[in-house]
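Worksheet for the structure shown next.
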Amino acid sequence: MSAPAASDRQRIESLRADIERHNYQYYALDAPLISDAEYDRLFRELQTLEAGHPELVSPDSPTQRIGSAPLAGFETVKHRVSMLSLNNAFDEEEVTAFDRRMREALVTERIDYAAEPKFDGLAVSLCYEHGVLAHGATRGDGESGEDVTANLRTVRAIPLRLAGRNPPVLLEVRGEVVMLRADFEQLNQAQRAKGEKEFVNPRNAAAGALRQLDSRITSTRKLAFFAYGLGAAEGAPAFGTHSALLDYLAECRFPVAKERKVVTGVDGMLEYYRAIGGKRAGLPYDIDGVVYKVNDLAGQRELGFVSRAPRYAVAHKFPAEEAMSEIIAIDVQVGRTGALTPVARLKPVFVGGVTVTNATLHNEDEIRRKDIRIHDTVVVRRAGDVIPEVVRVINDKRPAQAPVFEMPAACPVCGSAVQRLEDESVARCTAGLYCPAQRKQALLHFASRRAMDIEGLGDKLVEQLVDNNIVKTSADLYELDVAALAGLERMAEKSAANVVAAIAKSRRTTLARFIFALGIRNVGERTAADLARAFGDLEPLLQADEQMLQQVPDVGPVVAQSIAQFFAEPHNRDVVGQLLAAGVSFERTPRAANVSSRMSGRTFVLTGALPNLSRDEAKERIEAKGGRVTGSVSKKTDFVVVGADPGSKYDKAVELGITVLDEEGLQELLKE
DNA sequence: GATCCTCGAGTTCT
DNA sequence: CTCGAGGATC
């Protein structure tokens, strides 16, 4: 083919720039400069020109937003900077408390907050390399999400290329993908016309569109996007405030909430909340509250994080939508530990965007407290907009014969005695693993993703395996073959082979997962990891008495007793033996190899400013070597790392005779 | 003994 | 997500 005429190339470039500018006008500013027909004309002209010059087609051309062939599945990608969740405030008091914490921590009288609406959509991270959209991923668990780049490229509100001449080397833009209400209505109308299932709310419609393996389908769903923050960045300008950062994102042509505002103090926040609340019904998108962030970024850095949420921000949620329904019955479920949980079966009711039919009533006390009876009319909402909850009873509507709920004296599944310990609120079935319900739950727990991670071993299959007496203990799983699964419902040869393969694959695991999978009472993921780290291998853990167990951080008398009791039970020892015999094996926990490095399992306390390392960096490095960092000095502390101007922690360390290190000493330890 | 923080366990719906 | 409970600290 002949070299493209210079004029064609120029025209293509100018068309691309025009189209992206109109996208921006339309999606970010909501102020189109041209009609849809004119837009379509530009678009078709570009398509025609590109068709004539395939060598000029580049991934950042607007014509490339139409989607591409379906994927087999989504890849998992790790976020460079984790995507955190926000702490919630549900009333003015909690907002006031938030402001007080901020003022105390930053030692100032009044604080400016960047306030913005909280979109009810899906958080995503967009990664721009040298100004070009390279990857996009869902939030996932915050650490890693699904690579939905192909789908995000079809969202016209998302720039394929950053505006401006000198784009940063790397810019991770965080924001929310939503479906505008009008587009949602249209989509459902179309679904109705086609006789297909309607979407229940804009959020689900957006989620469905984003999870399409075929991005051509995504491109037909109208999705919007609003940016609200940054993840990793290299070569980006430095900002002093969150609002300046948002201005920058707007300059890069990202849609940013028009309702954003900088407010001062509690009064400012509450006034903003009320104003947005008043506008809520008229907004083009669904929101579930507003977000306040300390505007000053230096302040944000100083405040840091608590567990998985930033300390400097809070989501002020609107009150959850409530609806009335009727309790048809109260059933009792049996959990893994034998806990009997009453569950209200409700007349289906649409609330908070979904149809609710069940709601947990937690325990007997809760039912008494709220005086909930069978056949009562009740107010239902979704707590935190997720878990259905019975708020209260409408007393006027109580029928004459409304039976009071009684916790059964016998397990509804196995008929064994039910016991409720004096100072506990839960009633439990006493049969342990003799109770089929507990056995099923134990197997499901064993197979769960964070334990042995056996894919395909779900509740339907476990149900059949236990009911047909094919599997009694977790060790029996490793005896299964395709023949044993044949004949079960929904178990054709293919799926049976998959399950057998998944079970085989699970043999190789880690000590921490294995301990967690055993399902010892009071031993969750975290404690299992602590135990694995402290004992390094299974054998010493089996031998440990309660005293030794209590030496492990966060293990007190109760947890120690649970563990000792579990391993004292001959049946449990047998199962563990059978699992090992079946070939379950684990690498020695990597951290265990570091025991000699003197850091693993040791507790550190930091005090004073270190010359080179920030607090967070020091913490990160100590944890990377298996150490733990806690807030205050006690006799369980192993090392106190002292910087400039140490506080009382230093005195306490001297008093208790704890090893004191300076930064250099810490670096020495880290090097070992 | 009070209080803060974190972990464990149970639960819903798509 | 929420509650309850265990552990650690003041």
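Protein chains get the first letters and strands the later ones, always in sequence-line order, with residue 1 at the start of each. Basis for what follows: all heavy atoms, side chains included, without hydrogens, waters or symmetry-related copies.
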* Determine: side-chain N/O of A:Gln333 to OP1/OP2 of B:dG10, distance under 4.0 Å, yes or no. => no
* **Below 4.0 Å: OP1/OP2 of B:dG10 and any side-chain N or O of A:Thr337** => yes
* **Atom pair distance, as rounded to whole Å: CG in A:Asp288 and P in C:dC1** => 10 Å
* Asked: Does A:Tyr285 reach the side chain of A:Asp120, with side-chain heavy atoms less than 4.5 Å apart?
  -> no
* Rounded distance (Å) that lies between atom C1' of C:dG6 and atom CG of A:Leu549 -> 15 Å
* **Contact under 4.0 Å: A:Thr355 side-chain N or O vs B:dC13 OP1/OP2** => no
* Asked: What is the ring orientation for A:Tyr273 with A:His316, classed by angle as parallel under 30°, tilted 30 to 60°, or perpendicular over 60°?
  -> parallel
* To the nearest Å, give me how far apart CD (A:Glu389) and P (C:dC3) are. => 7 Å
* Ignoring the backbone of A:Thr341, work out which of B:dA9, C:dG7, B:dT11 is nearest its side chain. => B:dT11
* Structure fact -> Which of A:Arg181, A:Arg203, A:Lys118 passes salt bridge (charged side-chain N to carboxylate O under 4.0 Å, His left out) with A:Asp286? It is A:Arg181
* Asked: Within less than 4.0 Å of OP1 or OP2 of B:dT12, is there a side-chain N or O belonging to A:Thr360?
  -> no
* Structure fact -> Between CZ of A:Arg420 and C1' of C:dG4 the distance, given in whole Å, is 13 Å
* Which part of the nucleic acid, if any, lies within contact of A:Val200, taking any heavy atom under 4.0 Å across all strands shown: a base, the sugar-phosphate backbone alone, or nothing? -> nothing
* To do: Would you indicate what A:Glu525 reaches in the nucleic acid, counting non-hydrogen atoms under 4.0 angstrom: base, sugar-phosphate, or nothing?
  => sugar-phosphate
* To do: Looking at every strand, decide which applies to A:Val426 at a 4.0 Å heavy-atom threshold: base, sugar-phosphate, or nothing.
  => nothing
* Yes or no on side-chain contact (heavy atoms from CB on, under 4.5 Å) for A:Thr527 and A:Asn522, after CA distance, side-chain angles and deciding distance? -> CA-CA 8 Å; A:Thr527 309; A:Asn522 295 318; over 6 Å; no
* Asked: What's the shortest heavy-atom distance between A:Lys293 and A:Ala313, and which atoms?
  -> CG-CB, 3.7 Å
* Asked: Whole Å only: how far is the NE2 atom of A:His445 from the C1' atom of B:dG8?
  -> 10 Å
* Asked: Does A:Asn358 have a side-chain nitrogen or oxygen under 4.0 Å from the phosphate oxygens OP1 or OP2 of B:dC13?
  -> yes
* To do: Compare the minimum distances between each of C:dG7, B:dG8, B:dG10 and the side chain of A:Val559, then state the nucleotide with the smallest one.
  => C:dG7
* **N or O in side chain of A:Arg336 less than 4.0 angstrom from B:dA9 OP1/OP2** => yes
* Asked: Separation of A:Arg345 atom CZ from B:dT11 atom C1', in whole Å?
  -> 11 Å
* Structure fact -> Atom CZ of A:Arg311 and atom C1' of B:dC5 are separated, to the nearest Å, by 11 Å
* Structure fact -> In whole angstroms, the gap separating P of B:dT11 from CG of A:Leu346 amounts to 15 Å
* To do: Ignoring backbone atoms, test whether A:Thr527 places a side-chain nitrogen or oxygen under 4.0 Å from the OP1 or OP2 oxygen of B:dG8.
  => yes
